[in-house]
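Residue numbers begin at 1 in each chain, while the letters A, B, ... track the order of the sequences.
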There are 2 protein chains.
Amino acid sequence: MAGFKGQAEYSVDSKGRVAIPAKMRNDLNPAAKNTFTITRGFEQCIFLYPLDRWGEMEDEFRGLNMFNQEARAFVRTILRWADEVSLDGQGRVSLPKPLVEFAGLDGKALIIGSLDHIEIWNPAVFEDYLNAQASDYESLAESVMGVL
Amino acid sequence: MAGFKGQAEYSVDSKGRVAIPAKMRNDLNPAAKNTFTITRGFEQCIFLYPLDRWGEMEDEFRGLNMFNQEARAFVRTILRWADEVSLDGQGRVSLPKPLVEFAGLDGKALIIGSLDHIEIWNPAVFEDYLNAQASDYESLAESVMGVL
DNA sequence: GGGTAGTTCCCCACTTTTCCCCACCACTCC
DNA sequence: GGAGTGGTGGGGAAAAGTGGGGAACTACCC
């Protein structure tokens, strides 16, 4: 199954709904049943995991040692924010209010496909994130992929 | 499968379409289904990877640790700009607007075959890139290939 | 227990963009 | 010189995104 990719700037309507780009919808595995687990992302954004992929993630969490304080804190955080959302007839999901506030969304949303999950950003916040990057794309690539 | 090679200067029409040189189209593996994954290149240009080759790249990305910030930033960038494009009946692809802007394309495109991918440049930008090279072709060759 | 207000969910309609197809021109090879 | 291949340009149909209305469900208050 091809991973998610691409970006789009769509609107968040007054009901907190955002359309998922058709290209990403087409990459959904039927096993995901048009449903995502939505949760807090890394950096200030929202992550959407297709249901099938989320199942694998849960298995990884189960493998963690719950007598370890950090493991407990990590799992608590990711699950606390998590919720299940399904696509409506128009290919949209409605975002839980707490996550809308966390990501600072208002009116516009930047949607980014990132292999096994979809990210939703406030465009302005994403801009700041980019500016805060220490290294440029070429250096990143060399550092991340250079050792292969 | 032979690698891509050669260069051509073609026009970009008002709809952002560019023809892929017939010579390069002939080098496409049937497994690529006349489809490319197009994304941001290194330096100011656009990369086109045939679908089959892109699959291998995705596998490498999946191998990265997504809990590492640098890896995340790199994958976010390369996938954010990525899109899937197919050849139309005339052997053209239509370039996503964001990439046209990124590469600074207007009217003309320099298309370069580069082994496993195809590059698309604004001819003027490519000229500047060449002029900015610190070392000449002979020195580069020695530095890159000399240790073999 | 009933009524009301708020929320959620689903469906419908409109607008815009994208994609696909057809036609044309130039060059090359027979 | 004609036919075929390769690049260029534009128009129409289909799909995708956006916004709003109405039914159902819930929760709260009277």
Peer 1: For A:G89 and A:K23, find the nucleotide of DNA chain C closest to each by heavy atoms; which residue's nucleotide sits nearer the 5' end?
Peer 2: A:G89
Peer 1: For B:R62 and B:E58: C-alpha separation, side-chain torsions, deciding distance, then whether salt bridge (Lys or Arg N to Asp or Glu O under 4.0 Å) applies.
Peer 2: CA-CA 6 Å; B:R62 280 182 217 275; B:E58 270 199 2; 3.2 Å; yes
Peer 1: Has B:R25 got a side-chain atom pairing as donor or acceptor with B:I20's backbone, closer than 3.5 angstrom?
Peer 2: yes
Peer 1: If the plane angle is over 60° it's perpendicular, under 30° parallel, otherwise tilted; pick one for A:Y137 and B:F74.
Peer 2: parallel
Peer 1: Kindly say whether, by distance alone, the side chain of B:R17 makes a donor-acceptor pair under 3.5 Å with the base of D:dG7?
Peer 2: no
Peer 1: Parallel, tilted or perpendicular: which fits the ring planes of A:F42 and B:F67, with parallel below 30° and perpendicular above 60°?
Peer 2: perpendicular
Peer 1: Between B:E9 (CD) and D:dT8 (C1'), how many Å, whole number?
Peer 2: 15 Å
Peer 1: If you check every side-chain atom of A:Q90, which of C:dC19, C:dC9, D:dG19 has the closest atom?
Peer 2: D:dG19
Peer 1: Which of these nucleotides, D:dT8, D:dG19, D:dG9, is closest to any side-chain atom of B:A19?
Peer 2: D:dT8
Peer 1: Using a strict threshold of under 4.0 Å (side-chain N to carboxylate O), is an ion pair present between B:R72 and A:E119?
Peer 2: no
Peer 1: Can you measure A:R92 atom CZ to C:dC9 atom P for me and round it to whole angstrom units?
Peer 2: 13 Å
Peer 1: Is the distance from OP1 or OP2 of D:dG17 to the nearest side-chain N or O of A:R25 less than 4.0 Å?
Peer 2: yes
Peer 1: In whole angstroms, how far is the P atom of D:dG6 from the CG atom of B:L87?
Peer 2: 13 Å
Peer 1: Output the residues of residues 97-125 of chain B in contact with DNA chain D, where contact means a heavy atom of the residue under 4.0 Å from an atom of the strand; sort by number or write none.
Peer 2: none
Peer 1: Report the distance from atom NZ of A:K15 to atom P of D:dG17, rounded to the nearest whole Å.
Peer 2: 18 Å
Peer 1: Roughly, in whole Å, what's the span from CG in A:D88 to C1' in D:dA23?
Peer 2: 16 Å
Peer 1: Please report the distance, rounded to the nearest Å, between CD1 in B:I20 and C1' in D:dT5.
Peer 2: 17 Å
Peer 1: What orientation do A:W54 and A:F61 show, parallel under 30°, tilted 30 to 60°, or perpendicular over 60°?
Peer 2: perpendicular
Peer 1: Answer yes or no: is there a side-chain heavy-atom contact under 4.5 Å between B:F126 and B:E9?
Peer 2: no
Peer 1: Closer than 4.0 Å, any side-chain N/O of A:S11 to the OP1 or OP2 of D:dG19?
Peer 2: yes
Peer 1: Can you tell which of D:dG6, D:dG9, D:dT18 lies closest to the side chain of A:Y10?
Peer 2: D:dT18
Peer 1: Check the distance between C:dT8's P and A:L95's CG and give it to me in whole angstrom.
Peer 2: 12 Å
Peer 1: Roughly how many Å is it from CG in B:D13 to C1' in C:dT18, rounded to a whole number?
Peer 2: 13 Å
